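Here's the structure, in structure tokens; my notes come after.
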Amino acid sequence: MGWIVTILSFAYLLLLLYTQLLMLRHFIAELSDNRLARIGWLVLYAALSVALTYALSTNGRYWLAPVAVVALWFFTRRFLIRNNATAWRFIGYTGVVFGGIIMFFLQTIGAILIAFLLIFLVRGFGESQGSGFPMTDTPAPDDGMLERAADGTPFVRHSDGTSTQLRDLGNGDFQDFNGNPWHDNGDGYMHR
């Protein structure tokens, strides 16, 4: 049951992060029509969240948080609000909300990357052709034993009694007349 709860919690986390990033994007889009100002606010909110993350993790970079807050206040005062007190209230509220969103994203990005890396690896191993040895005792419909006709022509005898004629490429590999490669595992067992 624990792995089901973990998967559901991870899916909820991704949905929560996606919703928060959409909120941030819509908020920044409503602030200004100027593209440079929107990029500036995004950069400053990201700087604020990184600075607060450093400050809260006792990493020794406490000076970054006040610098980010003053830069955000200056930017807000210059492009959006002319009143000092209103600018402070604005960056206080939005800094906590959207700086917190980015902090949450930065703290969980490691878990997200690890999960996607695991999914990528599991998918890669699942889609790989393997080493050429059968994984189970039951052969696939395309597998079979290598046999030769009276004139020396190689063919594969399948478990259902059918056969596929092959061409010997001379290097231990074979090819059927559709162009599919066939490989011998050394015991006379052929697989495609």
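Treat the numbers as computed from the prediction; the structure is a model and nothing was measured. Numbering starts at 1 and runs along the sequence shown.
- A continuous path of ILVMFWY side-chain contacts below 4.5 Å connects F90 to F74, so both sit in one hydrophobic cluster.
- Using a 4.5 Å cut-off between side-chain heavy atoms of Ile, Leu, Val, Met, Phe, Trp and Tyr, with links allowed through other members, F116 and L113 fall into the same hydrophobic cluster.
- Across every non-hydrogen atom of S163 and R157, the tightest pair is CB-NH1, 4.2 Å.
- Using a 4.5 Å cut-off between side-chain heavy atoms of Ile, Leu, Val, Met, Phe, Trp and Tyr, with links allowed through other members, V70 and L44 fall into different hydrophobic clusters.
- Note that the CG atom of L118 and the CZ atom of R123 stand 15.0 Å from one another [nearest 0.5 Å].
- The nearest pair of heavy atoms linking A111 to F10 is O-CE1, 4.0 Å.
- The hydrophobic cluster containing M23 also contains L72, counting ILVMFWY residues as joined when their side-chain heavy atoms lie under 4.5 angstrom apart, directly or transitively.
- Under the side chain to side chain contact (heavy atoms under 4.5 Å, CB included) rule, L117 has a single partner from I119, I114, L121, which is L121.
- Contact of the Q175 side chain with the P181 side chain is not registered, since no non-hydrogen atoms from C-beta on lie closer than 4.5 Å.
- For R148 against F155, the heavy-atom pair with the smallest separation is C-CE2, 3.6 Å.
- In the displayed structure, R25 atom CZ is contacted under 6.0 Å by at most 12 heavy atoms of other residues, nucleotides or ligands.
- T164 places none of its side-chain heavy atoms less than 4.5 Å from the side chain of N180.
- Between I28 and L31, some side-chain heavy-atom pair lies under the 4.5 Å cut-off.
- Summarising the geometry of R77 relative to A87, their closest heavy-atom pair is CD-CB, 4.5 Å, with the distance given to 0.1 Å.
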Does T94 form a side-chain contact (heavy atoms from CB on, under 4.5 Å) with T76? I'd like the steps, not just the answer.
CA-CA 11 Å; T94 60; T76 303; over 6 Å; no
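- A side chain to side chain contact (heavy atoms under 4.5 Å, CB included) with S9 is found for one member of T6, L13, V5 and no other, namely V5.
- The heavy-atom pair separating L36 from F75 by the smallest distance is O-CZ, 4.5 Å.
- Tracing side-chain contacts under 4.5 Å through hydrophobic residues (I, L, V, M, F, W, Y), one never reaches V43 starting from V67; they form parts of separate clusters.
- The number of heavy atoms from other shown groups lying within 6.0 Å of CG (N83) is above 12.
- For the pair L8 and Y12, the minimum side-chain heavy-atom distance is 4.5 Å or more.
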